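One structure is given below, encoded as C-alpha cells.
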Amino acid sequence: MGRPRILVTGASGQLGFELARLLPAVGDVVVADRERLDLADPDAIVAAVRGARPHLIVNAAAYTAVDRAETEGDLAMAVNGTAPGIFAEEAKRQGAVLIHYSTDYVFDGARRTPYDEEAPTAPLNTYGASKLAGERAIAAAGRDALVFRTSWVYGLRGANFLLTMRRLAAEREELRVVADQIGVPNWCRALAEATVRVAAPGCAALAERAGLYHLSSTGEASWHEFACAIVGDVPRPRIVPITTAEYPTPARRPAYGVLATAKFERTFGFALPPWRDALARCLASPAEPPPAAS
Ligand SMILES: NC(=O)c1ccc[n+]([C@@H]2O[C@H](COP(=O)([O-])OP(=O)(O)OC[C@H]3O[C@@H](n4cnc5c(N)ncnc54)[C@H](OP(=O)(O)O)[C@@H]3O)[C@@H](O)[C@H]2O)c1
C-alpha cells in the first residue's frame with residue numbers, strides 16, 4: 001500500500017491540532033473539524049467516513065468540558081460514548097484502523113500506585129463515564145482499534161491548566177492550587193509525536209497492535225506542583241497549596257490518576273519523556289497562534 005489516507009477529527013483541539021500538523025509525515029491527512037462533522041450526529045459520522053474512505057481514523061475530538069458534562073450528560077455521552085463506536089464500526093466495514101484517546105478519569109483514583117490497563121474502572125463523573133462508554137463501544141465493534149488513555153493534557157493553545165496558570169500568575173499576587181490530586185501532565189505535542197511514531201510503520205503493523213494502552217509522560221505531580229513548574233522560580237505570585245475540599249467543582253475528580261505505561265513501552269519500544277522535560281520543551285517552543293474562530 002502507498003501512503004495511507006488518514007481522517008483526523010478534533011483538529012481545532014489541543015491534540016488534534018498537533019496531529020493534523022504532524023501526521024502528514026506518514027500519510028495524506030483529511031481533516032474533519034466540527035463545522036464539517038458534528039460528532040453528536042451519528043449519520044454525519046457514517047457519511048464522513050464513507051466519503052473520506054480512510055485507511056486510518058484518528059479520533060482526537062471529544063467533549064472535554066468536565067464540569068459542564070454534569071449538566072450536559074446527553075451531549076457528552078453522544079460525543080464521547082456513542083461516536084467512537086460508530087467510528088469503530090465504520091472502520092471495520094472499510095478495513096481501516098482506528099486510533100482513539102481516552103482518559104485517566106475512567107478510574108476512581110482510590111489507589112496510590114499507577115493504574116495499568118487491567119485495573120478496574122469506576123468513573124467518578126459524567127465525563128469519565130462517557131469516555132468509558134466510548135472505550136466499551138470500540139471494544140464491542142471488535143477489531144483493529146488502538147485506544148490510548150492519557151491524562152492532564154496541556155499545550156500553548158486552547159483551554160488548559162497551563163494557559164490558565166500563566167494568565168492568573170500575571171494578574172494575581174497569590175494563586176491557590178489543589179495539592180491533593182495527583183496525576184501526570186501531558187504536552188499535547190508529545191502525545192501527537194508518539195501517535196505519529198506508532199502510525200509510521202503502516203496500518204498493517206498498527207492493526208497487529210490493536211488494544212488499550214496507557215500513553216503518558218512519566219513521573220507524577222499534584223496540580224500545585226504542576227502550577228509551580230509552569231510559573232517557575234519567580235518571587236510572585238505565591239502559589240498556595242489547597243485541598244480539593246477547598247476548591248469545590250461540579251464534577252468530582254479522582255485523587256490519583258497516574259497511568260502505568262509499561263504495556264505501551266513494551267509494545268512500541270519507546271517511552272514518552274518525563275513530564276518536567278516535556279513541559280520544558282513546551283515552554284521553550286514558540287507561541288502558538290490562537291485557534292481559528294469557528
Ligand atoms: N484535556 C485533557 O486534560 C485530557 C485528559 C485526558 C484525556 N483527554 C482526551 O484526549 C483527547 C484530546 O483532548 P484535547 O485536550 O485535545 O481536547 P480539546 O482541546 O478540548 O479538543 C476537543 C476537540 O473536539 C472537538 N469537538 C467537541 N465536540 C465536538 C462535536 N460535537 N463534534 C465535532 N467535534 C467536537 C472540539 O471542537 P471545537 O474546538 O469546535 O469545540 C475540539 O476540536 C480527547 O479524547 C480527550 O478526552 C484529554
Side-chain angles (χ1 to χ4, degrees), residues 7-22 31-45 48-49 57-69 72 74-84 86-87 98-107 109 115 123 125-135 137-138 145-164 181 183-192 194-195 213-217 221 223 226 251 253-254 257-259 275 288 290-294:
L7 180 68
V8 178
T9 68
S12 60
Q14 304 188 80
L15 177 57
F17 177 82
E18 299 289 346
L19 288 167
R21 177 154 80 171
L22 297 177
V31 165
D33 58 18
R34 189 203 285 262
E35 276 173 27
R36 277 170 268 196
L37 172 59
D38 179 0
L39 263 65
D41 180 348
D43 294 338
I45 299 174
V49 178
I57 300 169
V58 184
N59 180 34
Y63 182 106
T64 56
V66 175
D67 287 317
R68 204 169 352 117
E72 290 186 349
D74 289 349
L75 180 57
M77 191 54 84
V79 175
N80 294 344
T82 307
I86 300 169
F87 278 120
L98 171 66
I99 293 179
H100 175 77
Y101 301 89
S102 190
T103 171
D104 59 316
Y105 282 14
V106 298
F107 297 118
Y115 286 95
N125 57 46
T126 304
Y127 166 75
S130 71
K131 295 294 293 184
L132 181 59
E135 291 183 8
I138 289 171
L146 294 89
V147 176
F148 294 134
R149 285 188 188 138
T150 191
S151 63
W152 295 18
V153 179
Y154 68 88
L156 293 181
R157 61 196 297 290
N160 63 62
F161 184 82
L162 180 146
L163 294 177
T164 302
Q181 289 173 29
V184 187
N186 277 292
W187 184 26
C188 55
R189 187 173 303 165
L191 296 172
T195 303
Y213 299 94
H214 288 175
L215 172 62
S216 172
S217 269
W223 289 112
F226 187 25
R253 273 127 170 111
V258 178
L259 300 172
W275 73 264
E288 295 285 355
S294 53

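Counting from 1, the numbers follow the sequence of the chain as shown. Remember, it's 1-based here, ligands and their atoms both numbered in the order they're listed. Not measured: the values here are computed from a predicted model.
Remark: the backbone N or O of V184 is paired with a side-chain donor or acceptor of N186 at under 3.5 angstrom. Between the Y115 side chain and the G109 main chain, a donor and an acceptor come within less than 3.5 Å of each other. Remark: the backbone N or O of A60 is paired with a side-chain donor or acceptor of T9 at under 3.5 angstrom. The main-chain N or O of C188 is never found under 3.5 Å from a side-chain atom of E18 such that the two would form a donor-acceptor pair.
No part of A78 comes within 4.0 Å of ligand 1, judged by heavy-atom distances. Only backbone heavy atoms of L37 (N, CA, C or O) come within less than 4.0 Å of ligand 1; its side chain stays farther off. In L15, the parts holding a heavy atom less than 4.0 Å from any atom of ligand 1 are both the side chain and the backbone. Contacts with ligand 1 closer than 4.0 Å are made by side-chain heavy atoms of T64 only, the backbone lying farther away. At a heavy-atom cutoff of 4.0 Å, ligand 1 is contacted by the backbone of S102 but not by its side chain. Heavy atoms of W152 found under 4.0 angstrom from ligand 1 belong exclusively to the backbone.
Residue contact annotation: C188 has no non-hydrogen atom under 4.0 Å from ligand 1. Under a 4.0 angstrom heavy-atom cut-off, G158 registers as lying outside contact with ligand 1. Using a 4.0 angstrom heavy-atom cutoff, Y127 counts as in contact with ligand 1.
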Tell me, with the steps shown, if Y101 and L19 meet side-chain contact (heavy atoms from CB on, under 4.5 Å). CA-CA 12 Å; Y101 301 89; L19 288 167; 3.7 Å; yes
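Close approach of ligand 1 to T150 (heavy-atom distance below 4.0 Å) involves ligand atoms 6 (C), 7 (C). Residue contact check: V79 has heavy atoms under 4.0 Å from atoms 31 (N) of ligand 1. Proximity to D38 (heavy-atom distance under 4.0 Å) selects the following atoms of ligand 1: 30 (C), 31 (N), 32 (N).
Paired with S130 under the rule side-chain hydrogen bond (donor to acceptor under 3.5 Å, both in side chains), one option of N125, D74, N80 passes, and it is N80.
Between the choices Y63, Y154, Y101, the shortest heavy-atom distance to atom 10 (O) of ligand 1 belongs to Y101. Of the options S12, A60, A20, the smallest heavy-atom separation from atom 38 (P) of ligand 1 is shown by S12. Comparing R34, Q14, K131 by heavy-atom distance to atom 14 (P) of ligand 1, the nearest is Q14.
In terms of polar-atom proximity, D104 is not counted as a contact of ligand 1, lacking any N or O under 3.5 Å from an N or O of the ligand. Checked by distance only, ligand 1 and A61 stay at 3.5 Å or farther apart across all their nitrogen or oxygen atoms. Note: an N/O pair closer than 3.5 Å links G10 and ligand 1 by distance alone.
Inter-residue side-chain proximity for V49 and L7 is flagged as met; some heavy-atom pair is nearer than 4.5 Å. For the pair Y127/T103, a side-chain contact is recorded, criterion being any heavy-atom separation below 4.5 Å from C-beta on. Taking 4.5 Å as the limit, some side-chain heavy atom of Y154 sits within range of a side-chain heavy atom of F226.
Rounded to the nearest 0.5 Å, atoms OG1 (T150) and CG (D104) are 7.5 Å apart.
Applying the salt bridge (charged side-chain N to carboxylate O under 4.0 Å, His left out) test to D67 and every residue at least two apart in sequence or in another chain returns R253.
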